[in-house]
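Here is the structure we will look at.
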Amino acid sequence: MKNAEIALHFDELADLYELDGAVVYRVQAYRNAAKAIREAGVSVAELSAQGRAEELPGVGKTIAEKIAALLETGEIPAAAKLKAKFPPGLVEVTRVPGLGPKRARKLFEELGVDSLDKLREAAETQQIRTVPGFGPKAEENILTALAAGADGRERERLLLSKALEIGEAIVAALREHPAADKVELAGSARRWAETCKDLDVVATATDARALAEAFARLPLIGEASVSGEAGARGVTHQGVAVDLRIVPPENWGNLLQHFTGSARHNEALRTEAVRRGFHVSEYGVTDPEGITHACATEEEVYRLLGMDWIPPELREDRGELEAAREGRLPQLVRLEDLRGDLHCHTTASDGRNTIAEMALAARERGYEYLAITDHSASHGFGNDVQPDELRRHIEAVRATEVEGLTLLAGSEVNILPDGSLDYDDDLLAELDWVVASVHTSFRIGAAEMTKRIVAAMEHPLVDAIGHPTGRLIGRRDPYDVDVEALVEAAARTGTFLEINGNPNRRDLSEVYARLAAEAGARLVIDSDAHGTDTLANVRYGVATARRAWLTAADVANTLQWPELSRARKRGRSSAGRRS
DNA sequence: GCCGTTTTCGGCCCGACTGTTTTCAGTCG
C-alpha cells in the first residue's frame with residue numbers, strides 16, 4: 001500500500017473520531033500522523049514491516065499498531081467500528097461551510113440528516129431551525145452554500161502557475177497605486193506550493209481604504225467587498241478567491257509571517273514559542289517579560305524567537321524550525337545558480353520554435369548551455385524523430401552558432417516497456433546529452449516499471465531520467481514505481497534525476513527530490529520547454545528543489561558544462577579509458 | 001494520541017467571526 005493511501009485512511013479516521021466527539025487533540029494527532037505518512041520519502045509499508053513506523057514524527061505506539069493492522073487486513077478496526085456508527089454521507093455534511101463535526105452530528109441526531117440531499121431537504125422545509133443552536137440564518141447559509149456548488153466537495157485547487165499569473169498581476173497593479181507602500185503575495189503562493197486554494201495579498205498603505213477600494217475596482221476582480229481599514233475580499237472572474245489585508249507598517253513582519261503560513265509551520269512555531277515563555281500572533285511577539293514587540297520585518301520575528309529567517313518554501317513543518325534555531329538551514333539553490341537547461345523541444349518534434357530561436361532565448365536568460373532534446377523515434381502524434389532525421393538534426397544543432405552559448409545536441413529518448421531505448425547505441429553515442437523518459441505503457445505495475453527505468457539508468461549513455469514518476473498534478477497519479485529503488489539506482493549509476501519544471505509536472509516532487517538528494521543522487525532542473533516562452537518554467541523546478549531543501553551542490557546544472565560533463569557517468573568511463 | 005533542556009503527566013497556537021445566545025461554542029484560516 002502506498003503512503004498516500006495509508007495517509008487517506010488516517011485522515012478518514014480523524015474525520016470519524018471528530019464526528020464521534022473525540023478530544024480535538026486526538027483528532028489532530030491522527031491528522032499529524034497522516035501528514036507525516038504522506039510526506040515520508042520512504043515506503044511506510046516497508047517501515048512498518050520492519051517495526052520502525054514510530055520513527056515518523058507524530059506516530060507513536062497506537063498509530064504504529066493501526067498502520068500494521070491496516071497493512072495486514074486492509075482496514076483499521078477502529079475505523080470500521082465508527083463507520084458502522086455513522087453513515088458514509090455524514091462526513092460530506094461536515095464539510096459544508098459553516099457546519100463542522102459538532103453541528104453536523106447534531107443535525108444527524110436530531111433530524112437524521114446523513115447526506116447532502118437530506119441536509120438540503122431539511123433546510124428547505126425549515127426543519128433546521130427547530131434544532132437548538134440553529135436558526136433561520138443557519139438554514140439560509142446552508143442553502144446558499146449548497147447552491148454555490150460547495151456541495152461538501154473540496155473546491156478544486158489552483159495550479160501554482162495559474163495562481164501566480166493572477167497573483168502577480170494583482171500585486172503589480174496594487175503597487176502602482178499612489179496609496180500603496182509594500183505589497184506582497186503571501187500564503188501558499190509565496191511558499192511556491194504545488195497548488196493554491198486561494199490567494200493572499202498583504203500590503204501597507206498610506207491610505208488603506210483607498211487601496212482597498214482600488215483593489216475592488218481592479219479589472220481582474222469580479223465581486224469584492226471592502227472591510228474598512230483592514231482590507232478587502234474579492235473573487236476574480238475565473239472564480240479565484242483573493243484576500244487583501246492592509247496592515248500598519250510597524251506590524252508588517254508579523255503579518256507577512258502570519259499570512260505566509262503554512263498553518264502547520266505557524267502552529268509548530270507558536271507551540272515551541274509557548275514552551276519557552278513567548279507568545280506569537282499576527283500582532284506581535286510577546287517575550288517572557290510580557291513585552292510585546294511589533295516586528296517590521298519577518299527577520300525580526302524569527303530573530304526574537306532565536307531563529308534564522310526561514311525561506312517561505314521551507315515553512316511546512318518539516319524540520320525547518322529546529323534547523324533555523326541551530327543555524328543550519330540549507331543555502332537553497334536559486335534560479336540564478338542555474339547555468340543551463342538540459343531538456344527542451346523544437347519544431348523537429350512537438351516544439352513551437354526553431355533551434356536558433358531556442359538558443360537565442362536561452363542566451364537571453366543568461367545560460368551558458370542548452371541541450372536540444374526533441375522526442376525520439378517511437379514518439380506518437382506525428383512528433384517522432386526517426387534516426388536519419390536525428391542525424392540531420394544533430395548537424396543542424398552543430399551548425400547553429402550563438403555566441404556565448406554552448407548548444408548541445410541531445411534527445412529525449414523513450415524508455416520502451418522492456419527498458420530498452422528507441423535509438424541504437426551508435427546513434428546515442430553521437431549525442432552530447434541524453435535524457436530518457438517513459439511516455440507509453442504507464443500501467444505495467446510497480447515491479448516492471450521499476451525494472452524498466454532502472455534498466456535505462458544502467459545504460460551508459462543515459463545521462464538523466466526525465467519526469468521520473470510521470471505524475472500530472474491534480475490530473476494523473478505517478479505511475480506505480482518504487483521511487484526508493486530509482487533513487488538508489490540513480491546514486492549507484494551516476495544517472496541524474498530530473499526535476500521537470502513544467503508546472504503541471506514538477507516531477508520529481510519535493511518529497512522525492514529531498515529523498516534523492518539525501519540518498520546521494522544528483523538532480524538536474526529542466527524546463528522541458530516546448531517554446532521560447534516556457535524556458536522560464538524552470539522557476540517551478542527551482543521552487544520544487546528549494547522545497548526539497550536542495551542546495552546548488554545537489555543540482556548538476558549549476559555547474560559549467562565542462563564540469564558537468566565530467567561529473568556524469570559517461571565522463572567517468574571515458575576518463576577511465578584515457579588513463 | 002503524542003511528546004518531553006520546565007513535564008513519562010499534563011499540556012497541546014491564535015484570533016476573528018458568526019449566530020445564537022443572554023455569555024459563548026463552534027467554525028475558520
Side-chain angles (χ1 to χ4, degrees), chain A residues 10 13-14 16-37 53-67 76 78 93-107 128-142 144-145 150 154-155 186-188 196-200 202 225 227-228 230-231 233 241-243 245 247 251 254-255 257-286 288 292 301 305-306 317 321-322 325-326:
Chain A
F10 282 93
L13 184 56
L16 289 166
Y17 271 131
E18 197 170 37
L19 270 175
D20 201 35
V23 289
V24 290
Y25 303 113
R26 185 142 75 108
V27 174
Q28 194 52 44
Y30 281 103
R31 299 224 161 102
N32 280 337
K35 173 188 186 272
I37 292 165
E54 285 182 61
E55 289 176 18
L56 295 167
V59 174
K61 193 159 171 285
T62 308
I63 293 182
E65 278 168 10
K66 286 184 159 71
I67 294 174
I76 305 170
V93 177
T94 70
R95 303 256 157 81
V96 173
L99 297 182
K102 296 263 170 28
R103 285 164 69 80
R105 184 169 173 186
K106 202 154 195 188
L107 293 178
I128 303 278
R129 64 182 67 181
T130 65
V131 180
F134 291 80
K137 188 71 189 165
E139 260 166 17
E140 193 189 318
N141 289 345
I142 286 167
T144 309
E154 199 166 321
R155 203 207 208 132
S188 47
C196 303
K197 187 154 105 349
D198 52 21
L199 290 168
D200 292 292
V202 187
S225 58
S227 52
R233 301 191 64 125
V242 187
D243 261 351
R245 328 243 181 182
V247 309
N251 277 119
N254 303 109
L255 276 133
Q257 195 283 323
H258 175 76
F259 288 116
T260 296
S262 66
R264 286 181 184 280
H265 171 85
N266 286 350
E267 194 180 326
L269 179 88
R270 290 167 179 189
T271 302
E272 189 174 293
V274 165
R275 210 175 285 145
R276 297 170 47 231
F278 287 81
H279 174 95
V280 181
S281 82
E282 55 266 54
Y283 300 108
V285 176
T286 307
T292 299
V301 176
L305 298 169
D317 190 23
L321 295 171
E322 198 184 353
R325 199 164 1 91
E326 296 169 1

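First the proteins, then the strands, lettered A, B, ... as listed; each starts at 1. These numbers were taken from a predicted model, which means no experiment stands behind them. Hydrogens, waters and symmetry mates play no part in the numbers below; they use all other heavy atoms, side chains included.
Residue contacts for A:P136: at a heavy-atom cut-off of 4.0 Å it reaches the sugar-phosphate backbone alone, with no base atom in range. Residue-level contact check: A:P101 touches the backbone only, with heavy atoms under 4.0 Å from sugar-phosphate atoms and none from bases. Counting non-hydrogen atoms under 4.0 angstrom, A:R26 reaches a base of the nucleic acid. In this structure, A:Y30 reaches the sugar-phosphate backbone alone: every heavy-atom distance under 4.0 Å involves primed, P, OP1 or OP2 atoms, never a base. Among the heavy atoms of the strands lying under 4.0 Å from A:R275 is at least one base atom, whether or not backbone atoms are also near.
In this structure, NZ of A:K35 is placed 21 Å from P of B:dG1, rounded to the nearest angstrom. For A:L255 and B:dG29, the CG to C1' distance is 13 Å, given to the nearest whole Å. Atom CZ in A:F134 sits about 11 Å away from atom C1' in B:dT27, given to the nearest Å. Taking atom CD1 of A:I128 as the reference point, atom P of B:dG19 lies 15 Å away to the nearest angstrom. Rounded to a whole Å, the CZ atom of A:R264 is 15 Å from the P atom of B:dG29.
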Heavy-atom protein contacts under 4.0 Å, nucleotides 9-15 of chain B, coded B base, S sugar-phosphate only, - none: ---BBBS
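Across B:dA16 and B:dG11, the matching P atoms stand 25 Å from one another, rounded to whole Å. Rounded to whole Å, the P atom of B:dT18 lies 27 Å from the corresponding atom of B:dC12.
Here A:Y17 pairs with A:Y30 under the ring-ring contact (aromatic ring centres under 6.0 Å, His included) rule; sequence neighbours left out. Scored by the side chain to side chain contact (heavy atoms under 4.5 Å, CB included) test, A:R105 finds A:L19, A:D20, A:F86, A:E109 as partners (sequence neighbours excluded).
Between B:dG19 and A:N141, a contact under 4.0 Å exists linking OP1 or OP2 to a side-chain N or O.
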